[in-house]
Amino acid sequence: MADQINSNYDEEEYSLMACSLPKDAMVQILLRLHVKSLLRFRSVCKSWYNFLKSPHFIKLHLTHQISRPASVLIVYNRDNYGCFPDFSLLHLHPIYFTNPLPLLFSIEAKDYANFEFCYNGLICLMKDIYTSPEVILWNPATQKYKCINIPSECSRFTYLKLGYVQQSNDYKLLKVPFEPRSSDEASKMAWVYTLSSGSWKTVPFTILSLTVAWGPQISLDGCVYWLATSAVECIICFDLIKDEFKLVDVPDDRGFEREYVRRRLIVLRGSLAMMVSVEDGSRDTEVWVLMNKSGIKQYSWTKKFIIEPFSKEAIPLGIWNDDKLLVVVLQTRALKQVYTYDLVTKKIDYFHVPKEEEFASFMSVRGRYFESLELEDGYGKY
């Protein structure tokens, strides 16, 4: 029924209609509304306020948003001397850029802030990196944020990861060493912060043979995955429930010369997947999926798709809708092209990019973004 409701109704009409509908139908309507409208609807009455702010609805809304086509997060500086990046969104239906997202927290030039990643509608930043580092979790849609102090004992030579535990509806931050050294005990420990408790703890980082941990993270089924390099390339997996590390082998992609190979982790149909290509775009891109064998805890990689070579300027951002891969093509200080590639039919659909935006210093694409109500259940603050 909700799908049949005219999209041209204003907020007041939605409110009146929802009050007269059965609860399940009302929830389905609310899940389809923008975050801005949901925040306004909290003022309808006390029961609406409590329901829309409840962890149950926030989780339902997040699940619904994940299944919808996302926007593209653009990171840039408006001037050549900016120590803090500006953020804009590229929406695809219709295609347009938003104005810079407004900040509700102060960043001074001396602080120096760095973008880390975007996940579940949250943008994660590191502030004051070189003196008293602090993590900022920021939800642009709700204008809520949370500042998290990093323990002084935590080594500064670490990477930051963020994972979501669906069973407990909670988030965990992970600070993991990127260059463990035998003489530095601090570099042999990882630090874990639980958002609900607001506390840090240490866990042994036993994978000491690795020299670098890098690249985009994937949070899936209570684990965080990211690529690492050592004598043999592999994937590091951190179990957010058990607080344990383990290694996952990369696909058997023999035939790709290691110094030129480019790997990217993605999620495909609810499973961990990897795109394997070469830097110069001279070979086909392979898409491998990590499969569970016969319901037992044994996994193997299966090659699912082969894609014709992308250009060197092309950046695959991940699965955008069903089996469609969202790809952006950059040129100096501008976004040149946006298109989707259907992994099954191999059909390409191009989006018409508006007139080039003027970005005074630097522009980069940092992944997929969708609105969420995260930090609205008491964890965040103004």
Side-chain angles (χ1 to χ4, degrees), residues 64-74 89-97 118 215-221 225-227 233 235 248-258 260-293 299-331 334-354 356 364-370:
H64 185 265
Q65 291 295 94
I66 290 174
S67 66
R68 300 179 64 186
S71 301
V72 180
L73 180 67
I74 306 293
L89 296 176
L90 173 63
H91 298 288
L92 300 179
H93 287 292
I95 188 165
Y96 68 94
F97 289 96
C118 176
Q217 63 164 44
I218 296 292
S219 182
L220 182 67
D221 296 332
Y225 302 88
W226 67 94
L227 288 165
E233 291 184 285
I235 300 168
V248 179
D249 293 332
V250 298
D252 183 11
D253 50 10
R254 286 174 295 182
F256 285 88
E257 296 184 35
R258 177 175 173 179
Y260 302 115
V261 72
R262 181 167 57 185
R263 297 183 175 91
R264 184 181 183 90
L265 293 176
I266 60 174
V267 177
L268 179 62
R269 301 170 185 168
S271 297
L272 184 69
M274 179 182 286
M275 299 181 61
V276 184
S277 59
V278 291
E279 291 181 357
D280 62 3
S282 61
R283 291 191 50 170
D284 292 340
T285 295
E286 300 176 351
V287 179
W288 296 73
V289 179
L290 193 62
M291 306 295 290
N292 189 340
K293 285 186 176 180
Y299 296 85
S300 65
W301 290 98
T302 301
K303 188 190 299 185
K304 285 290 186 180
F305 301 102
I306 297 177
I307 309 171
E308 293 181 359
F310 295 107
S311 69
K312 290 192 293 184
E313 295 79 16
I315 304 175
L317 295 182
I319 301 302
W320 181 68
N321 190 18
D322 297 327
D323 295 317
K324 293 183 178 180
L325 186 66
L326 181 63
V327 181
V328 297
V329 181
L330 298 180
Q331 62 184 14
L335 187 63
K336 183 179 179 181
Q337 198 172 70
V338 180
Y339 64 91
T340 57
Y341 177 90
D342 193 306
L343 296 174
V344 177
T345 66
K346 299 185 178 181
K347 180 182 177 182
I348 297 177
D349 290 322
Y350 292 94
F351 294 93
H352 174 68
V353 179
E356 294 180 1
S364 63
V365 175
R366 291 304 182 96
R368 302 165 68 248
Y369 171 87
F370 55 84

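The figures here come from the full heavy-atom set of this structure, side chains too, leaving out hydrogens, waters and symmetry mates.
- Rounded to the nearest 0.5 Å, atoms CG (Leu265) and OH (Tyr225) are 10.0 Å apart.
- Between Val327 and Ala314, the shortest heavy-atom contact is CG1-CB, 3.9 Å.
- Heavy-atom contacts from other residues, nucleotides or ligands closer than 6.0 Å to CG of Asp249 number 12 or fewer.
- Contacts of His91 classified as ring pair (Phe, Tyr, Trp, His ring centres under 6.0 Å), with partners at least two apart in sequence or in another chain: Tyr96.
- Distance CD1/Ile235 to CZ/Arg263: 8.5 Å, rounded to 0.5 Å.
- Note that the CG atom of Leu220 and the CG atom of Leu272 stand 6.5 Å from one another [nearest 0.5 Å].
- The salt bridge (Lys or Arg N to Asp or Glu O under 4.0 Å) check on Lys324 picks up Asp349, with sequence neighbours excluded.
- Side chains of Gln337 and Val328 form no contact here, defined as non-hydrogen atoms less than 4.5 Å apart.
- For Tyr339 against Tyr350, the heavy-atom pair with the smallest separation is CB-CD2, 3.6 Å.
- Contact record, Tyr369 with Cys118: CD1-SG, 3.6 Å, taken as the closest heavy-atom pair.
- Annotation: side chain to side chain donor-acceptor pair (under 3.5 Å) contacts of Lys303 (sequence neighbours excluded): Glu286.
- To the nearest 0.5 Å, atom NZ of residue Lys346 and atom CG of residue Asp323 are 13.5 Å apart.
- For the pair Leu89 and Val72, the minimum side-chain heavy-atom distance is 4.5 Å or more.
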Evaluation steps, side-chain contact (heavy atoms from CB on, under 4.5 Å), between Leu326 and Val338: CA-CA 8 Å; Leu326 181 63; Val338 180; 4.0 Å; yes
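- Heavy-atom minimum distance, Leu325 versus Pro316: CD2-CB, 4.0 Å.
- Across Pro309 and Asp284, no two heavy atoms sit closer than the pair CD-OD1, 3.2 Å.
- Between Phe305 and Leu268 there is a side-chain heavy-atom pair separated by less than 4.5 Å.
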Tyr341 and Ile307: side-chain contact (heavy atoms from CB on, under 4.5 Å), yes or no, with the steps? CA-CA 9 Å; Tyr341 177 90; Ile307 309 171; 3.6 Å; yes
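- Atoms CE and OG1, from Met274 and Thr285 in turn, are 13.0 Å apart once rounded to the nearest 0.5 Å.
- Between the side chain of Arg262 and the main chain of Val276, no donor-acceptor pair closer than 3.5 Å is present.
- Rounding to the nearest 0.5 angstrom, the gap separating the OG atom in Ser271 from the CE atom in Met291 is 6.0 Å.
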